[in-house]
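Only one structure is covered here, and it is reproduced in the block below.
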2 protein chains.
Amino acid sequence: MALKILIVEDDRNIADLLRLYLEREGYEVSIAPDGLKGLERFRQEQPALVLLDVMLPGMDGWGVCRSIRSESKTPIIMLTAKSETEDKVAGLKQGADDYITKPFEMKEVLARIEAVLRRSGIEPERASRRLVFDKLTLDMDAFELTVDGKKIPTPPKEMELLFHLASSPNRVYTRNQLLDEVWGFDYFGDTRTVDVHIKRLREKLEGVSDQWELKTVWSVGYKFETKNR
Amino acid sequence: MALKILIVEDDRNIADLLRLYLEREGYEVSIAPDGLKGLERFRQEQPALVLLDVMLPGMDGWGVCRSIRSESKTPIIMLTAKSETEDKVAGLKQGADDYITKPFEMKEVLARIEAVLRRSGIEPERASRRLVFDKLTLDMDAFELTVDGKKIPTPPKEMELLFHLASSPNRVYTRNQLLDEVWGFDYFGDTRTVDVHIKRLREKLEGVSDQWELKTVWSVGYKFETKNR
DNA sequence: GCCTGTTTTAACAAATTGTTCACCCAAAAT
DNA sequence: ATTTTGGGTGAACAATTTGTTAAAACAGGC
């Protein structure tokens with residue numbers, strides 16, 4: 001069961017970006033756009049950790065932080081634009097566990113989340129992102145593709161594309177869907193990009209097994225087709 | 001409880017067509033013909049998502065988009081004739097969540113709606129796109145036609161035509177209706193095209209079952225007729 | 001900043017599908 | 001029974017979509 005993280009953030013872009021990265025890491029993410037909804041969601045969903053923006057419409061981040069703290073020990077990481085030390089100190093006094101200033105690096109955020117979780121005695125054990133099919137193993141944690149027992153060095157985009165397709169075997173995805181879901185919703189690029197990545201994946205996977213196949217669905221898109229099931 | 005979608009679009013044909021498809025997917029649809037009525041409806045009905053045409057009489061789409069955004073984070077997908085990238089960027093800056101250029105494919109629209117809803121943390125829970133009749137399975141997610149247990153490779157237009165007819169068994173469709181609804185509202189071609197596709201479908205389905213049939217209704221059109229029930 | 005590997009774009013060839021047309025047959029109308 | 005209208009079909013042709021290659025753009029590590 002994946003660990004749940006609640007993001008309370010009114011800027012849609014930032015929230016989506018966080019979601020993208022956290023989900024890729026195997027967390028379950030939910031987003032609340034303001035303080036009140038944030039509290040509500042918190043009570044409903046009992047997340048393992050809260051990422052909390054300071055500047056929020058309605059009740060601000062500090063208020064939310066105090067409210068959560070008054071009813072639970074759930075770790076809280078504050079997100080803020082200001083980098084003043086006094087703010088940081090104040091924040092920690094209000095009960096936050098850590099503090100990240102915008103603009104932030106995703107790597108930074110991930111590292112801090114894991115650190116805070118570990119400090120709180122929670123094992124960050126993320127959902128396994130590992131798929132196994134006949135003669136094919138796709139391990140997104142180790143970032144390794146294994147074909148017929150041999151590791152095949154594979155660039156990230158190809159890994160993620162294959163992972164995405166193979167996560168829902170036999171389901172067709174249009175190129176635009178794949179661009180949205182693998183490249184990101186704000187990607188403006190050519191749909192043929194997908195074709196090229198598919199082709200390279202096929203080179204790596206060619207003739208390995210007759211149990212599955214990267215199949216073209218004409219005028220629609222691609223799917224990872226499996227035989228039996 | 002079905003998710004509600006508001007369509008703001010002055011072209012009646014396009015709006016109706018969208019309604020048709022969205023309702024088939026299980027959404028609840030309401031339509032507003034111009035910007036002001038669109039805003040009004042938006043406030044009344046609190047839809048889960050808005051499909052918004054850019055070219056509108058009175059207040060244009062961008063204006064509506066800004067107004068909605070100023071009071072809510074409800075996802076907005078813009079519909080527009082222009083395909084310029086700058087327009088797309090501008091659109092996303094105004095607060096739209098996604099952007100579809102006309103003429104659009106219905107499957108594209110559906111896919112994007114789902115993607116946007118998922119991004120917003122709303123579960124799209126749409127109707128399954130799978131039909132099963134005696135010895136016949138039509139799975140639009142996998143894009144597969146199965147006849148008597150065997151997969152039959154079938155081109156997209158045939159799949160969609162059959163899916164369309166079989167979605168409302170025993171209902172007659174005129175050729176023009178089918179051209180509108182399967183080929184697209186802006187399609188301009190010979191009605192005999194439908195005949196040819198029907199013919200090819202019949203070849204694939206010939207003598208498979210006596211429970212259903214692709215039937216001609218003389219001087220009217222075609223229907224997918226089922227026996228009992 | 002340079003180097004290396006990755007991603008994207010562009011161009012062309014190949015494959016698949018969609019459309020039209022002509023001709024003939026079937027159903028309704030007279 | 002004859003005429004008229006609509007439908008079935010096969011094949012040629014057109015259009016669309018995909019595969020593939022190569023080269024340009026880009027990104028991250030040193």
Side-chain angles (χ1 to χ4, degrees), chain A residues 105-108 143-145 151-165 172-184 186-207 213-223 225, chain B residues 83 85 103-105 107-108 143-145 152-165 172-184 186-207 213-223 225:
Chain A
E105 293 280 317
M106 279 303 150
K107 260 185 280 191
E108 184 71 20
F143 226 81
E144 265 172 15
L145 175 68
K151 281 186 204 165
I152 306 286
T154 307
K157 272 284 181 301
E158 283 173 45
M159 290 285 278
E160 305 214 343
L161 177 58
L162 181 57
F163 180 73
H164 200 82
L165 288 166
V172 192
Y173 291 86
T174 67
R175 291 175 176 71
N176 278 317
Q177 256 177 311
L178 293 169
L179 286 178
D180 266 11
E181 294 162 13
V182 176
W183 274 255
D186 51 356
Y187 179 81
F188 307 122
D190 201 299
T191 54
R192 303 309 300 284
T193 297
V194 178
D195 301 27
V196 176
H197 284 86
I198 289 283
K199 189 221 152 206
R200 296 195 185 129
L201 278 170
R202 281 178 174 156
E203 280 171 5
K204 296 185 172 70
L205 304 176
E206 192 172 43
E213 189 183 355
L214 268 181
K215 206 160 187 175
T216 302
V217 181
W218 220 86
S219 94
V220 181
Y222 298 99
K223 65 177 166 180
E225 188 173 272
Chain B
S83 65
T85 309
F104 41 75
E105 293 277 319
K107 59 184 170 229
E108 197 61 41
F143 227 83
E144 265 172 17
L145 175 68
I152 306 287
T154 308
K157 273 282 182 300
E158 285 174 42
M159 290 284 277
E160 282 168 15
L161 177 58
L162 181 57
F163 180 71
H164 199 82
L165 289 166
V172 193
Y173 292 86
T174 67
R175 292 175 175 71
N176 278 316
Q177 257 178 313
L178 292 170
L179 285 178
D180 268 10
E181 294 163 11
V182 176
W183 273 254
D186 52 354
Y187 180 81
F188 197 74
D190 201 301
T191 54
R192 303 309 297 286
T193 297
V194 179
D195 301 23
V196 175
H197 284 86
I198 290 283
K199 181 213 144 205
R200 294 184 182 150
L201 277 171
R202 282 177 172 156
E203 281 170 4
K204 295 185 171 69
L205 304 177
E206 192 172 43
E213 190 183 355
L214 268 180
K215 207 159 189 178
T216 303
V217 181
W218 222 81
S219 94
V220 183
Y222 298 99
K223 66 175 167 179
E225 189 173 87

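Each chain gets a letter, A, B and so on, in the order the sequences are listed, and its residues count up from 1. Every heavy atom of this structure was used, including side-chain atoms; hydrogens, water molecules and symmetry mates were not. Not measured: the values here are computed from a predicted model.
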Checking contacts here: which listed nucleotide ([options]) is nearest the side-chain heavy atoms of [X]?
X: A:Ser219; options: D:dG7, C:dT9, D:dT17; result: D:dT17
X: A:Pro155; options: D:dT20, C:dT6, D:dT9; result: C:dT6
X: A:Trp218; options: D:dT20, C:dA15, C:dG18; result: C:dA15

Handout entry: Rounded interatomic separation in angstrom, taking CG from B:Leu201 and P from D:dG8
Key = 13 Å
Short side-chain N/O contact from [X] to OP1 or OP2 of [N], under 4.0 Å:
X: B:Arg175; N: D:dG6; result: no
X: B:Thr216; N: D:dG8; result: yes
X: A:Trp183; N: C:dT8; result: yes
X: B:Tyr222; N: D:dG8; result: yes
X: B:Tyr187; N: C:dT19; result: yes

Handout entry: Helix axis bend for the helix from C:dG1-D:dC30 to C:dT30-D:dA1 - C1'-based end axes, five pairs, 10° rounding
Key = 40°
Exercise for the section: Can you establish whether the number of heavy atoms outside B:Glu203 located under 6.0 Å from its atom CD is more than 12? Expected result: yes
Practice task
Inspect the surroundings of NZ in B:Lys204 and state if more than 12 heavy atoms from other residues, nucleotides or ligands are less than 6.0 Å away.
Solution key: yes
Handout entry: Short N-O contact, B:Glu144 and A:Lys215, less than 4.0 angstrom
Key = no
Problem - Main-chain N/O of B:Asp195 paired with B:Arg175 side-chain donor or acceptor, under 3.5 Å - result: no
Exercise for the section: Scan A:Thr193 against the nucleic acid and name what it touches under 4.0 Å (heavy atoms): base, sugar-phosphate only, or nothing. Expected result: base
Practice task
Using a heavy-atom cut-off of under 4.0 Å over every strand shown, decide if A:Val194 touches base, sugar-phosphate, or nothing.
Solution key: nothing
